[in-house]
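I have placed the structure first, in the form of structure tokens, so that the comments after it can refer back to it.
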Number of protein chains: 2
Amino acid sequence: MAHSETVDRILDAAEILFAEKGFSETSLRMITSKAKVNLAAVNYHFGSKNALIQAVFSRFLGPLSRLMEQGFKEKGWEQDGRSVPSLEDILRLYTRSLLRIPTNHENGVSIFMRLMGLAYTQSQGHLRRYLEQEYARTFRLFMHFVKESTPELSKEERFWRIQFTMGSVAFTMSSIQQLTEILEDSASAKADPEAVVNYLVPYLLAGLQAAPLKSKM
Amino acid sequence: MAHSETVDRILDAAEILFAEKGFSETSLRMITSKAKVNLAAVNYHFGSKNALIQAVFSRFLGPLSRLMEQGFKEKGWEQDGRSVPSLEDILRLYTRSLLRIPTNHENGVSIFMRLMGLAYTQSQGHLRRYLEQEYARTFRLFMHFVKESTPELSKEERFWRIQFTMGSVAFTMSSIQQLTEILEDSASAKADPEAVVNYLVPYLLAGLQAAPLKSKM
DNA sequence: GTATGTTTCAAACATTCGTTTGGAACAGTT
DNA sequence: AACTGTTCCAAACGAATGTTTGAAACATAC
């Protein structure tokens, strides 16, 4: 249940394989052979494959939630209070929290982002439900801040812009590995997640703050 | 091979189920029972499940490519020529082409967009290869126009912004069905793909044209 | 040392998967 | 009528899946 050598090995192997191939395309046998544990270990320690998938996520999500809420407090932001952080501050806090998730592997951050992208697009019913339940609080907080920072937008327009924003993040992060490889072939610079975020924030900021379209062309 | 009642029924059922569940999560038996044809019909007419997946895409991509190239010619844009369309014109042309793909079902456009999103995130090797090969021309044309319209951006910055843009489109469209349902619950307006595009274009435009970040915070 | 609770392991389980098979049904031609 | 090529269909195939089993191995306590 709690901590164990075997449990960690399974989680380490699983998160890598899930990120590489997706959930359905990764079999328990791939995981257990990569982790060098017995096949039955997954069902023994986690109960089922779906439970393992959720366990992989919660190992990331726990620390991430704590990082974000800690950031709120440090900056003195309160949901009920009157302080209204700027959009850039909000985006910076969220992206920086993402980048600072503690992980085992070197590419842990990339892996987690890829997993989040997969979770959103690959419509695994149980996972979506789990994330919504586990993350409703953090997500609503983000919505709240965006709302206070973009009072000029209509409710609908703001809703869609948040979707576009999440789409950029999820999609980019879900393919960040392949993308950086493409870029490193042509250009010379090594593109780590931190650099990508520095490109991402101004883009998202401009999109969220854009003047709405008045009339259709 | 060519046209047949059975072939169409299989394609119709397959594209809906793929869009709903994903490729790996959809079995041939689900498809054939929904299409009310024999299980062996898929392998008889298409050869394999992977070939069926590609057939589903080519039924969309053929008309889409023709719509886009027709748009280029109508506007007098040429890849080698000197005419430099504005970014907004480019985005408008691409999104309008997407919206005008001829389909059988009522929600055909949403289905196709969802499929494109899945194709990009769900790393189906064969499908990615097929799309890159089939679509290289159209994609490079888009890159070319964006490059000419954003001369102030560095090569790297432009690369990433194009990724962010594609992410917004792919992600939003891949979940447009669920998202509109959410919105229709809270708000009253019905959000069809055309309306979403009218929200999307200004957002993307602003992001692509944003001033690059000078220094890291 | 014996007993107890936990973890590991090889083997088997039942299902489901994509694919193949061989003949029936059908259409068109000679 | 007899032949030919295409399409359909029930049935089966082998492989792979997630899960379960029951005994072995291990550790810890009495």
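- Note that the two end axes of the helix from C:dG1-D:dC30 to C:dT30-D:dA1 enclose an angle of 20°, each drawn from 5 base pairs, rounded to 10 degrees.
- A sub-4.0 Å separation between OP1 or OP2 of C:dT16 and a side-chain N or O of B:Ser27 is absent.
- Per the geometry, CG belonging to A:Asn50 stands 13 Å off C1' belonging to D:dT17, to the nearest Å.
- Across all strands, B:Thr32 comes closer than 4.0 Å to no nucleic acid atom at all (heavy-atom distances).
- Judged as a ring-ring contact (aromatic ring centres under 6.0 Å, His included), and not counting sequence neighbours, the contacts of B:Phe72 are B:Phe145.
- Among D:dC9, D:dT19, D:dA12, the nucleotide with an atom closest to any side-chain atom of B:Ala40 is D:dC9.
- Applying the salt bridge (charged side-chain N to carboxylate O under 4.0 Å, His left out) test to residues at least two apart or on different chains, the pairs with a partner in residues 63-72 of chain B are B:Glu69-B:Arg137.
- Considering only side-chain atoms of B:Leu39, the nucleotide from D:dT21, D:dA12, C:dT6 that sits closest is D:dA12.
- The distance from atom CD1 of A:Ile53 to atom P of D:dG18 is 9 Å, rounded to the nearest whole Å.
- Between the CG atom of B:Leu52 and the P atom of C:dC17 there is a distance of 15 Å, rounded to whole Å.
- Between A:Glu5 atom CD and C:dC9 atom C1' there is a gap of 17 Å when expressed in whole angstrom units.
- Regarding B:Glu25, its CD atom lies at a distance of 14 Å from the P atom of D:dT17, rounded to whole Å.
- Contact annotation: B:Thr6 does not reach the phosphate of D:dT7 (side-chain N/O to OP1 or OP2, under 4.0 Å).
- Under the rule for a salt bridge (Lys or Arg N to Asp or Glu O under 4.0 Å), the partners of B:Arg9 that lie at least two apart in sequence or sit in another chain are B:Glu5.
- Residues A:Leu208 and A:Leu153 have side chains not in contact (no heavy-atom distance under 4.5 Å, counting atoms from C-beta outward).
- Note on B:Asn38: every side-chain N or O is 4.0 Å or more away from OP1 and OP2 of D:dT7.
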N/O donor to acceptor pairs below 3.5 angstrom from side-chain atoms of residues 54-64 of chain A, sequence neighbours left out:
from, atom 1, to, atom 2, distance (Å)
A:Gln54, NE2, A:His126, ND1, 3.2
A:Ser58, OG, A:Gln54, O, 3.4
A:Ser58, OG, A:Ala55, O, 3.1
A:Arg59, NH1, A:Asp12, OD1, 3.2
A:Arg59, NH2, A:Asp12, OD1, 2.9
A:Arg59, NH2, A:Glu15, OE1, 3.0

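- Proximity of B:Met68 to B:Leu93: side-chain heavy atoms (C-beta onward) are nowhere separated by under 4.5 Å.
- A donor-acceptor pair under 3.5 Å is absent between the side-chain atoms of B:Ser149 and the main chain of B:Val146, judged by distance alone.
- Proximity of B:His45 to the phosphate of D:dC8: a side-chain N or O atom is located under 4.0 Å from OP1 or OP2.
- Computed from coordinates, the A:Phe23 CZ to D:dT17 P distance equals 17 Å when rounded to whole Å.
- The salt bridge (charged side-chain N to carboxylate O under 4.0 Å, His left out) analysis of residues 32-49 of chain B, with sequence neighbours excluded, yields no pairs.
- Residue B:Lys49 contributes atom NZ, which lies 15 Å from atom C1' of D:dA15 at whole-angstrom precision.
- To the nearest angstrom, P of C:dC17 lies 12 Å from CG of B:Leu17.
- Here D:dT17 is the nucleotide among D:dT6, D:dT17, C:dT19 with the atom lying nearest to any side-chain atom of A:Arg29.
- If you find the closest nucleotide of DNA chain D to B:Lys36 and to A:Thr26, the one lying nearer the 5' end belongs to B:Lys36.
- Residue B:Asn43 places at least one side-chain N or O under 4.0 Å from the OP1 or OP2 atom of C:dT19.
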